[in-house]
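Shown next, in structure tokens, is the structure this report addresses.
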Protein chains: 2
Amino acid sequence: MREFELLKHVYAANPALPARVTIPPGDDMGALRLETPEVLVTVDQLVDGLHFDLATTPLEKIARKAITRNLSDVAAMAAVPAGAVAAACLPRDFGDARARRLFDLMRLVAQSYDCPLIGGDISMWDHPLVLTLTVLAESRGVVPVLRKGAREGDVVCVTGELGGSLLDDNGRVHHLDFEPRLKVARALASNPATRPHCMLDLSDGLARDLGHLCDAAEVGEGERLGAELFADRLPIRPIVHNVCDGRAPWVHALADGEDYELCFTIDAARAAKLPRAVAGCPITQIGRIILRAPGSPAPGNPASGNKPAAKISLILSDGSTRSVDDLGWEHHGP
Amino acid sequence: MREFELLKHVYAANPALPARVTIPPGDDMGALRLETPEVLVTVDQLVDGLHFDLATTPLEKIARKAITRNLSDVAAMAAVPAGAVAAACLPRDFGDARARRLFDLMRLVAQSYDCPLIGGDISMWDHPLVLTLTVLAESRGVVPVLRKGAREGDVVCVTGELGGSLLDDNGRVHHLDFEPRLKVARALASNPATRPHCMLDLSDGLARDLGHLCDAAEVGEGERLGAELFADRLPIRPIVHNVCDGRAPWVHALADGEDYELCFTIDAARAAKLPRAVAGCPITQIGRIILRAPGSPAPGNPASGNKPAAKISLILSDGSTRSVDDLGWEHHGP
């Protein structure tokens, strides 16, 4: 099948596009009419061998993850998906029927999140499958929650459970089957009593991603934020306890990655009144934001006193503290 | 270099973002404030081995084409670029310095078109380089020109020259060095005297792409549009005449692809007054839109009389006519 024919099939099968699609797929560009002139955008690639294994993963799961991985970014801003475009490099031996099915499935998943596919690009080649999804979103009355905004003393919270995202849990594999946290993000951010100071979604593991929230914070000259987490408060996914790889369960929770949960901070007074679940999603308070000691004394920086130099510290159940800055995961492997 | 570090470098180097960037790169999503709530979007992949050859193409040209290929779609709508996101699969041996340079170059090219990069995604892998650019655009007071809208009797026009896009013309190779036709598109579409009925950019060759304009037209029940082109009116790129491959120059003009010129139709009365150049860009009237004969007589369809069944016909200088529906090109090769 030629590229154009495949795209034509995809778009011909696109029924019931929402009214905000002002230029439907099939033109040089698609177009959406948003509620306000501000548009949010994110792009993510899903690559055979890195983010899934084509040989063992059903097309349904690949299509699903291609969409939900981006929607997790939309959730992290407390935004609402508006539309998407999909690009694919398809292996030449992929086959027309499978190609059509993959795009049909992506279209259906996107549609189920009211995020219509309004454009695409397809290349055929002799290498592994690459899917690149770009999702547009809008704020619809809720100011987006940024990564910056953490303050000393904030309580660190996460949604859902952490760790073991690659493990098969009775047929459910979290990194393929997760539900992007769109609803809880909207509920939290739209309520002044629960609106996070900052938020992101956890893709590279809590230890690394929480570090991004600390780094993004706007602090005083020479100041840096860090976080102290309590190991026994981490909402560790139960299946992690079945793993016998010599690593403590908290290592999995901090480092496995692909949790696609939200991590946010909120001031202590509001945290005290935060429910244990919002919009049906569990919320766990796992630690707090602290002022970090400088890594080494520098001109103008007084000695650090008792402040820890680590960015993210973990307080274990025996009361001991260790840095977890060495933990974390990148999709391209060790 | 880890993915996050590379993206951080890219974004740290992003100076002087236009005021419409309301959430700069580095967050879970970037954001733009447009003039109106309508956003246009297009995605295109640039793949080593299909759209360029990494071994022989300078990074500057690859970065340029990654941006301009998308901007050609923006031109085809007579829209104005607003911002972009870039995703890359980088070969693991690509090297940190080259990766930084490639992204810096893409950022600079995008910036030169007032189309800031506001987000991205990077994966490292053991296969060829893939760049996926998504460009957002806005109409800024000019209603987008769609593919649909051609009418019987319209004159078919193209900008610039056609054919030979892969040939080295004293160091200039059109498919890498072309200028997206943003200005001429705006000038044409914003003036009622010159506003096209329909328009697209030529990437797969005039024969195929003009066919898309014919297919997209909204015509009466049982009617189909086609086009008749005059071989001696085609603005053939001069270097094509140096090629000795046994194919007539007009074949190159119709089939080589990657022209990234605009093709549009306009009614005959307006065409008669159309200048030979608009916004410094040559415009050539190459033929007209006709009512096609049905491929075969069907119930309710009278016999075709003298109407040609071909979608796109070429009238050669000897007065003979032939179908060119068999010409055209797909990026994934023969």
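Note on naming: letters A, B, ... go to the chains in the order of the sequence lines (proteins, then strands), and numbering restarts at 1 for each one. Source: prediction; values computed, not measured.
A:T132 touches chain B through its side chain: at least one heavy atom from C-beta onward sits under 4.5 Å away, while N, CA, C and O do not. Heavy-atom distances place the side chain of A:I23, and not its backbone, under 4.5 Å from chain B. Contact annotation for A:A88: only backbone heavy atoms (N, CA, C, O) come within less than 4.5 Å of a heavy atom of chain B. For B:P128, the parts sitting under 4.5 Å from any heavy atom of chain A are the backbone and the side chain alike. Looking at A:A216, there are no atoms closer than 4.5 Å to chain B (heavy atoms on both sides), in backbone or side chain.
Of the listed residues (A:G119, A:S139, A:C89, A:G83), the one with the most heavy-atom contacts under 4.5 Å to chain B is A:C89. Among A:D73, A:T134, A:V39, the residue making the largest number of heavy-atom pairs under 4.5 Å with chain B is A:V39. Heavy-atom pairs under 4.5 Å with chain B peak, among A:D27, A:T42, A:D121, A:D28, at A:D28. For the set A:V135, A:L136, A:N70, the count of heavy-atom pairs under 4.5 angstrom toward chain B peaks at A:L136. Ranked by heavy-atom pairs under 4.5 Å with chain A, the first of B:Q45, B:M199, B:R33 is B:Q45. With chain A as partner, the option from B:V74, B:V43, B:V85 having the largest number of non-hydrogen pairs under 4.5 angstrom is B:V43.
Looking only at side-chain heavy atoms (C-beta outward), B:S72 and B:L182 stay at 4.5 Å or farther from each other. By the 4.5 Å heavy-atom criterion applied to side chains, B:V41 and A:L32 are not counted as neighbours.
In this structure, B:V47 and B:F52 approach most closely via the heavy-atom pair C-CE2, 3.5 Å. Between A:P81 and A:R20 the shortest heavy-atom distance is O-NH2, 3.9 Å. Between B:A31 and A:E38, the shortest heavy-atom contact is CB-OE2, 4.0 Å.
Using a 3.5 Å distance cut-off with no hydrogens or angles, the side chains of A:K65 and A:H51 do not pair a donor with an acceptor.
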For this session: Evaluate side-chain hydrogen bond (donor to acceptor under 3.5 Å, both in side chains) for A:R69 paired with A:Y260, printing each intermediate quantity in order.
Result: CA-CA 8 Å; A:R69 197 159 168 247; A:Y260 302 109; 3.1 Å; yes
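For the atom pair A:F103 CZ and A:L131 CG, the distance stands at 6.5 Å (nearest 0.5 Å).
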